[in-house]
Amino acid sequence: MSCYPINLKLSGKRVLIVGGGKVAYRKAKRLLEAKAEITLVSPTVIDELKYFVLANNIKYYQREFKKEDMLDTCITFAVTDNRRVNSLIASLADKHNLLVNVADSLEESTFTLPALIKQGDLLLTVATGGNLPALSKRIREELENSFGEEFKVFLELMKILRPIIIDNIDDEKQRRKIFRELADLELIRLLAEDKDEFLEKLNKSLPAKVRKICDLAYYIAEDGFGL
């Protein structure tokens, strides 16, 4: 299966989930994180999904799927336990050139969802083309052990540092050199092991004019910012 990897901005976009089980619940949770405008259609829902819908003010229609439900949606998830309904949704999506993920049919899906590792702005995904999702999960679990919360904290720090470096270092080659040195996995992992050593090495990577502007020790020590 040849796929084009992409990260979609779904904030404010209408996304349809047809189904009320555990799969629908998992989809809804991830879509809410992306700030999508979720519409759920299903005659019944499991308790976890019911509470989630109520807690997050999600639009829910307690009935069978209608083809009109797909109007003005950018993505549809067909996650019912009814093969006929899922196939109908896939057919309608194909007819109207809409993106669809069909839980029980890789062939009818126009996209699949990878296993996900997220630490703040760091997003790592693993996919196996739908051939063995369990392998994606196993690889994701291994990656989670390698990329901890220190990566989230480091990227929060880079939100502050990057514009300062760009605004104050005119030489493009020097900027690139600085960013290459900052993209050091061993440096980032020091955040979780030894903050003092981390700050020492980080300061060595930055020009004096940048260090004067940004008090790194302050940001690392800030409540809620450090580990």
Side-chain angles (χ1 to χ4, degrees), residues 3-15 26-38 56 74-75 99 111-128 136-227:
C3 293
Y4 185 80
I6 187 171
N7 291 327
L8 294 175
K9 290 183 178 180
L10 292 178
S11 179
K13 303 294 184 182
R14 186 166 179 260
V15 177
R26 290 198 300 270
K27 306 300 185 198
K29 286 197 295 183
R30 278 179 63 169
L31 287 166
L32 189 70
E33 289 176 4
K35 295 181 170 57
E37 184 183 313
I38 304 167
N56 295 285
C74 64
I75 294 178
L99 292 173
F111 72 98
T112 60
L113 295 177
L116 182 71
I117 305 99
K118 186 169 173 59
Q119 290 290 357
D121 288 334
L122 177 67
L123 177 65
L124 305 174
T125 60
V126 183
T128 56
S136 297
K137 181 180 178 182
R138 183 67 59 84
I139 294 172
R140 184 204 73 202
E141 289 169 351
E142 291 210 8
L143 286 173
E144 282 177 335
N145 294 326
S146 299
F147 296 90
E149 192 179 357
E150 64 271 18
F151 285 84
K152 172 185 175 181
V153 174
F154 185 75
L155 289 176
E156 288 173 353
L157 180 60
M158 284 306 304
K159 281 183 184 178
I160 300 164
L161 270 178
R162 183 178 175 82
I164 293 174
I165 292 169
I166 291 172
D167 290 344
N168 289 275
I169 305 300
D170 296 327
D171 186 278
E172 185 177 349
K173 287 185 178 179
Q174 186 183 4
R175 287 202 304 268
R176 287 180 180 176
K177 180 176 180 294
I178 293 168
F179 288 135
R180 281 197 300 270
E181 290 181 1
L182 291 174
D184 180 346
L185 298 183
E186 290 185 8
L187 169 67
I188 299 169
R189 289 187 174 114
L190 276 175
L191 253 174
E193 299 166 6
D194 189 328
K195 288 183 185 178
D196 291 335
E197 188 177 352
F198 166 78
L199 286 170
E200 183 181 341
K201 288 195 172 185
L202 180 60
N203 277 314
K204 287 179 180 178
S205 300
L206 298 172
K209 61 168 65 176
V210 172
R211 295 199 302 270
K212 287 179 181 178
I213 295 170
C214 184
D215 185 347
L216 298 172
Y218 169 78
Y219 286 114
I220 294 299
E222 268 284 82
D223 289 342
F225 187 80
L227 290 166

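For the single chain, residues carry numbers from 1 onward in sequence order. Not measured: the values here are computed from a predicted model.
The minimum heavy-atom distance between Phe179 and Met158, with the atom names listed, is CE2-CE, 4.2 Å. Of all the heavy atoms in Leu187 and Phe198, the pair that sits closest is O-CD1, 3.2 Å. The shortest non-hydrogen separation linking Ser136 to Ala115 is O-CB, 3.6 Å. Across all their heavy atoms, Leu191 and Glu150 have their closest contact at CD1-O, 3.5 Å.
Counting only heavy atoms from C-beta outward, the side chains of Leu157 and Leu202 approach each other to under 4.5 Å. Side-chain atoms of Ile213 and Asp167, non-hydrogen and from C-beta on, never get closer than 4.5 Å to each other. A heavy-atom distance below 4.5 Å is found between the side chains of Lys209 and Ile169. When side chains are defined from C-beta on, Asp121 counts as touching Lys159, because their heavy atoms get closer than 4.5 Å. Residues Cys74 and Leu10 have side chains in contact (heavy-atom distance under 4.5 Å, counting atoms from C-beta outward). Side-chain atoms of Leu190 and Glu193, non-hydrogen and from C-beta on, do get closer than 4.5 Å to each other. Contact annotation: the side chain of Arg26 never approaches that of Arg30 to less than 4.5 Å [non-hydrogen atoms, C-beta and beyond]. Contact of the Ile117 side chain with the Leu122 side chain is not registered, since no non-hydrogen atoms from C-beta on lie closer than 4.5 Å.
Asn203 places a side-chain N or O within 3.5 Å of a backbone atom of Leu199 that can act as its donor or acceptor partner. Judged by distance alone, with hydrogens and angles left aside, the side-chain atoms of Arg140 form no donor-acceptor pair with the main-chain N or O of Val126 at under 3.5 Å.
In this structure, Phe154 CZ and Leu185 CG are separated by 9.5 Å, a value rounded to the nearest 0.5 Å. With rounding to the nearest 0.5 angstrom, the CD1 atom of Ile164 is 12.5 Å from the CZ atom of Arg162. The distance from the NZ atom of Lys27 to the CG atom of Leu113 is 4.5 Å, given to the nearest 0.5 Å. Rounded to the nearest 0.5 angstrom, Leu124 CG and Lys118 NZ are separated by 10.0 Å. Taken to the nearest 0.5 Å, the CD atom of Glu144 stands 9.0 Å off from the CG atom of Leu116.
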Residues Ile75, Phe111; criterion side-chain contact (heavy atoms from CB on, under 4.5 Å); working and verdict: CA-CA 10 Å; Ile75 294 178; Phe111 72 98; 3.5 Å; yes
Full working for side-chain contact (heavy atoms from CB on, under 4.5 Å) between Leu182 and Ile165: CA-CA 12 Å; Leu182 291 174; Ile165 292 169; 4.0 Å; yes
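A salt bridge is absent between Arg138 and Glu142: the closest approach of a Lys/Arg side-chain nitrogen to an acidic carboxylate oxygen does not fall below 4.0 angstrom. Ion pair Glu200/Lys204 flagged as a salt bridge, since at least one NZ, NE, NH1 or NH2 atom sits closer than 4.0 Å to an Asp/Glu carboxylate oxygen. No salt bridge links Asp184 with Lys201; every basic N to acidic carboxylate O contact stays at or beyond 4.0 Å.
The cationic atom of Arg189 (NZ for Lys, CZ for Arg) does not lie both less than 6.0 Å from the six-membered ring centre of Phe151 and within 45° of the ring axis.
Residue-environment remark: CG (Asp171) exceeds the threshold of 12 foreign heavy atoms within 6.0 Å. Shown here is Lys13, whose NZ atom has no more than 12 heavy atoms of other residues, nucleotides or ligands within 6.0 Å.
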